[in-house]
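What you see below is based on every heavy atom in this structure, not just the backbone, and it leaves out hydrogens, waters and symmetry mates. Bear in mind that the values here come from a model prediction, so they are computed numbers and not experimental data.
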Amino acid sequence: MRPKMSRPLRESYTAAFVPGDTITGYGVARVVDSSDPRLAPGDLVWGITGWEDYSVVTPPATRLLSKISHHGVGEGAGVPLSYYTGILGMPGLTAYVGFHEICAPKKGETVFVSAASGAVGQLVGQFARLAGCHVVGSAGSREKVELLKTRFGFHDAFNYKEEPDLGAALKRCFPDGIDIYFENVGGAMLDAVLLNMRVHGRIAVCGLISQYNLADGEKDAVRNLAAVISKRLRLQGFIEPDHKHLYPQYEAWVLPYIRDGTLAYVEDVAEGLESAPKALIGLFHGRNVGKQLVRVADDE
């Protein structure tokens, strides 16, 4: 959402917000009225909605709404609606595609995840553990580091704010190097990781949150790109909308792990639509622990 608040200086995959218009983002909603044959009044959906109590969604945007089938009583009960903004929504598919499709992990490989306690990072770490990999994460507080190790099953984690030398921290955690890096922050962390990658390592570039609030002249230079050549690394950016066709595959894979408690998912819930701006700003100061949500209405 933050990049959509900047006037793009170059072509982007998503349009910028228009000042004065309603801000949009991923949400869960109940259909009140519909002319779409796929959706009926009373259906629950997840997808792009407005930061408002009621949204009017018209074609072609209606194709970005997906019906929720695994909530309520009977078969499939026990999956919170909020999960469709996270583990069963865009962040979940993002983690799945970036890790399993782009990085193609092998059992026994080493995995590093930055911003590891966030909406995507917490899932990548757990997916890596399920794949038989050794996974280490970084986060911005001691509380989050403890969460990574005790709740999400990371084998190790460190607070990047307490590390005077990121390269040394990575060498300590990965004495033999990193096979897979799931990139969420960019800047100095990416530079340090490049020097600690193993030959033929893979890097999935999901986000660069450390750079979003910097003007072009302030952005951190990446100085160690030569390692991409010398170590024969594969570094690939990706966005979730390109992989929507994989959602049924992902949902079928992840639901059993959610239901049997194998996967944990932590949410940070702000109450009321009026709290949304403060919650968004808090992301860039590390105030959230887990997936940041705003609850507009308590409608389970």
Side-chain angles (χ1 to χ4, degrees), residues 3 12-14 26 46-48 63-64 66 69-70 79 83-138 148 152-155 174 177-186 189-190 193-194 196-209 227-228 231-259 262-265 291:
S12 178
Y13 66 90
T14 183
Y26 282 94
W46 71 272
I48 301 295
R63 64 182 173 81
L64 300 177
S66 300
S69 303
H70 298 281
V79 179
Y83 276 19
Y84 286 90
T85 68
I87 189 171
L88 284 170
M90 181 272 289
L93 183 57
T94 298
Y96 180 79
V97 167
F99 184 64
H100 283 289
E101 298 293 321
I102 292 176
C103 291
K106 302 179 184 67
K107 186 176 180 179
E109 289 190 314
T110 55
V111 178
F112 177 52
V113 185
S114 56
S117 67
V120 175
Q122 60 175 285
L123 292 175
V124 175
Q126 294 179 86
F127 294 174
R129 190 191 70 230
L130 287 172
C133 298
H134 179 83
V135 59
V136 177
S138 66
L148 294 178
F152 299 139
F154 282 67
H155 296 98
F174 298 99
I178 302 166
D179 291 302
I180 292 172
Y181 174 42
F182 200 97
E183 165 69 302
N184 289 310
V185 300
M189 185 66 81
L190 174 58
V193 167
L194 287 170
N196 283 275
M197 292 293 293
R198 299 185 69 184
V199 172
H200 299 302
R202 289 88 73 203
I203 300 175
V205 184
C206 175
L208 303 169
I209 196 169
V228 175
K231 299 185 180 208
R232 286 84 83 197
L233 304 178
R234 180 158 63 87
L235 185 151
Q236 181 177 338
F238 71 103
I239 58 172
E240 179 262 359
D242 288 346
H243 304 274
K244 288 287 191 186
H245 63 285
L246 293 176
Y247 183 80
Q249 172 184 314
Y250 167 66
E251 185 181 44
W253 178 83
V254 79
L255 271 171
Y257 290 127
I258 295 174
R259 290 182 175 138
T262 298
L263 291 174
Y265 199 66
K291 167 65 176 174

Could you state the interatomic distance from [atom1] ([X]) to [atom2] ([Y]), rounded to the nearest 0.5 Å?
X: Cys103; Y: Gln236; atom1: SG; atom2: CD; result: 8.5 Å
X: Lys244; Y: Leu64; atom1: NZ; atom2: CG; result: 7.0 Å
X: His100; Y: Tyr96; atom1: NE2; atom2: OH; result: 6.5 Å
X: Ile102; Y: His243; atom1: CD1; atom2: NE2; result: 5.0 Å
X: Leu148; Y: Ser117; atom1: CG; atom2: OG; result: 5.5 Å
X: Ile87; Y: Tyr250; atom1: CD1; atom2: OH; result: 5.0 Å

From CA spacing to verdict: ring-ring contact (aromatic ring centres under 6.0 Å, His included), Trp253, Phe99: CA-CA 14 Å; Trp253 178 83; Phe99 184 64; 9.2 Å; no
Can you name the closest pair of heavy atoms from [X] and [Y] and give their distance?
X: Leu233; Y: Arg198; answer: CD2-O, 3.3 Å
X: Leu93; Y: Glu240; answer: CD2-OE2, 3.6 Å
X: Pro91; Y: Gly86; answer: CD-O, 3.5 Å
X: Ile180; Y: Met197; answer: N-CE, 4.4 Å

[X] (side chain) donor-acceptor with [Y] (main chain) under 3.5 angstrom:
X: Ser114; Y: Asn184; value: yes
X: Gln249; Y: Ala252; value: no
X: Tyr265; Y: Ala119; value: yes

Pairing residues for Arg232 by the side-chain contact (heavy atoms from CB on, under 4.5 Å) criterion, not counting sequence neighbours: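 side-chain contact (heavy atoms from CB on, under 4.5 Å) list for Arg232, sorted by chain: Val199, His200.
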What residues, two or more places apart in sequence or in another chain, satisfy side-chain contact (heavy atoms from CB on, under 4.5 Å) together with Asn196?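 Asn196 satisfies side-chain contact (heavy atoms from CB on, under 4.5 Å) with Leu170, Lys171, Ile178 once adjacent residues are dropped.
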Residues 120-130, side-chain donor-acceptor partners within the protein, below 3.5 Å, at least two apart:
from	atom 1	to	atom 2	distance (Å)
Gln122	OE1	Val266	N	3.0
Gln122	NE2	Gly118	O	3.2
Gln122	NE2	Val266	O	3.3
Gln126	OE1	Ala264	N	2.8
Gln126	NE2	Gln122	O	3.0
Gln126	NE2	Ala264	O	2.8
Arg129	NH1	Phe152	O	2.8
Arg129	NH2	Thr262	O	3.4

Any side-chain heavy atom of [X] within less than 4.5 Å of one from [Y]?
X: Phe238; Y: Val205; answer: no
X: Leu255; Y: Leu88; answer: yes
X: Arg202; Y: Glu109; answer: yes
X: Cys206; Y: Thr94; answer: yes

Check the pair Tyr83, Ile258 against side chain to side chain contact (heavy atoms under 4.5 Å, CB included), reporting the backbone distance first and the verdict last. CA-CA 10 Å; Tyr83 276 19; Ile258 295 174; 3.8 Å; yes
Run the ring pair (Phe, Tyr, Trp, His ring centres under 6.0 Å) test against [X] and tell me which residues pass, sequence neighbours left out.
X: His134; value: His155
X: Tyr181; value: Phe112
X: Phe154; value: none

